[in-house]
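Quick note: residue numbers are just sequence positions, from 1.
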Amino acid sequence: MVWVPLGPPRTDCLTLLHPPNVNSPKMSLEWLVAWSWSLDGLRDCIATGIQSVRDCDTTAVVTVACLLVLFVWYCYHVGHEQPRPYASVNSLMQGADANGLQNGYVYCQSPECVRCAHNEGLNQKLYHNLQEYAKRYSWSGMGRIHKGIREQGRYLNSRPSIQKPEVFFLPDLPTTPYFSRDAQKHDVELLERNFQTILCEFETLYKAFSNCSLPQGWKMNSTPSGEWVTFYLVNQGVCVPRNCRKCPRTYRLLGSLRTCIGNNVFGNACISVLSPGTVITEHYGPTNIRIRCHLGLKTPSGCELVVGGEPQCWAEGRCLLFDDSFLHTAFHEGSAEDGPRVVFMVDLWHPNVAAAERQALDFIFAPGR
């Protein structure tokens, strides 16, 4: 496109803006003539511009127009969508104080929560979340998740009674009640190296117990006999700030674990205490995408964990890995002199869940989604 100059610049336009004396008839006539020249110049400028556009290559004009339309659409789309960014445990800690914490524990009050909703609309909600994830990112690597969500009802109803996750079953994962330490070797060794640190912080917390009240931050769980209390640092993917401030070194340790589930509703980290004479009712966990790790802090005799009908005993300073989607229970048959059984519990990713699947599951099961 070539712009052709219309001629030497006219100083008459300045006269238009600042006429020397509009009361003089002679100057009024000159002002009107200058105004006419200015209109002629404007008309020439517009005509030249139109002619220049006509002389342009049609393909180039169409391309520029298309790019402009796409840019406007993108700005509109970004401005109106409400993406849910992945929230790390650290960022969740900043705003969780005002999110329904009671006694340091997050109680779910939403009927739409996928962790607690056992209804026919759950599968549709999960599939909608998967589609939203795939539109933003990719369908690549989503085969098992897609298969699991589309046929979730069949999987959950046809599972043998020994393993029956209550919320989500990911197909084609290796199934076993217990896992070897090598399943998540790095995190197991890191937890065991920090055994004394976690134990010291627990003992400081436990000094606040009395016979008449439950200290702030602890949760009493329902059991047929005895007492089972838990102190959550992360509950269903949401950090509990007050509790984390009471166990700062243990909390920081969670950030060093490579496979800790911290960004979806299936992730938990807590101190679990069973008093002598306690029996936990047999139950299933919500999913098979995780393995639950118990680091023994205090393990008196007479305590057992039974998963899928197979008993195991805890050991102080050692990790025990199991799949809690299997039917499981725990009990403490020791005497009062033996003291409580105490473990630090943290949920880790199942080793056969791929990185792309973990990212998608964090999105689908993000807290509050």
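- Residue pairs that meet the side-chain hydrogen bond (donor to acceptor under 3.5 Å, both in side chains) test with at least one member in residues 264-283, sequence neighbours left out, are Trp228-Ser272, Asn264-Asp362, Asn268-Asp347, Ser272-Arg341, Ser275-Thr278, His283-His328.
- With hydrogens and angles ignored, the 3.5 Å screen pairs a side-chain donor or acceptor of Asp187 with a backbone N or O of Arg258.
- Ring centroids of Phe209 and Trp218 are separated by less than 6.0 Å, placing the two rings close together.
- Salt-bridge formation is not detected for the pair Asp323/Arg290: no Lys NZ or Arg NE/NH1/NH2 atom is positioned less than 4.0 Å from an Asp or Glu carboxylate oxygen.
- Among all heavy-atom pairs drawn from Tyr284 and Phe326, the shortest one is CD2-C, 3.9 Å.
- From Gln184, atom CD reaches atom CG of Leu348 across 6.0 Å, with rounding to the nearest 0.5 Å.
- A salt bridge is absent between Glu189 and Arg181: the closest approach of a Lys/Arg side-chain nitrogen to an acidic carboxylate oxygen does not fall below 4.0 angstrom.
- Minimum heavy-atom separation, Tyr206 to Pro340: OH-CG, 3.7 Å.
- Cys247 approaches Phe231 most closely through the heavy-atom pair SG-CE2, 3.9 Å.
- Under 4.0 Å is where a charged nitrogen must lie from a carboxylate oxygen, and between Glu132 and Arg136 at least one such pair does.
- In terms of heavy atoms, Met142 sits closest to Ala356 at CE-O, 3.5 Å.
- Rounded to the nearest 0.5 angstrom, Tyr178 OH and Leu321 CG are separated by 11.0 Å.
- Using a 30° and 60° split on the angle between ring planes, His294 and Phe322 fall in the perpendicular class, above 60°.
- Within the 3.5 Å criterion, the main-chain N or O of Leu274 finds no donor-acceptor partner in the side chain of Glu227.
- The CZ atom of Arg144 lies 13.0 Å from the CD1 atom of Ile149; values are rounded to the nearest 0.5 Å.
- Exactly one residue among Thr197, Thr250, Val342 makes a side chain to side chain contact (heavy atoms under 4.5 Å, CB included) with Phe202. That residue is Val342.
- When all heavy atoms of Trp139 and Ala134 are compared, the pair lying nearest together is CE2-CB, 3.2 Å.
- Note that CZ of Arg358 is 8.0 Å distant from CD1 of Ile261, once rounded to the nearest 0.5 Å.
- Taking the six-membered ring where the residue is Trp, the centroids of Phe365 and Phe168 are separated by under 6.0 Å.
- The CH2 atom of Trp314 sits 6.5 Å away from atom SG of Cys303, with the distance rounded to the nearest 0.5 Å.
- Between Cys270 and Phe344 the shortest heavy-atom distance is O-CD1, 3.4 Å.
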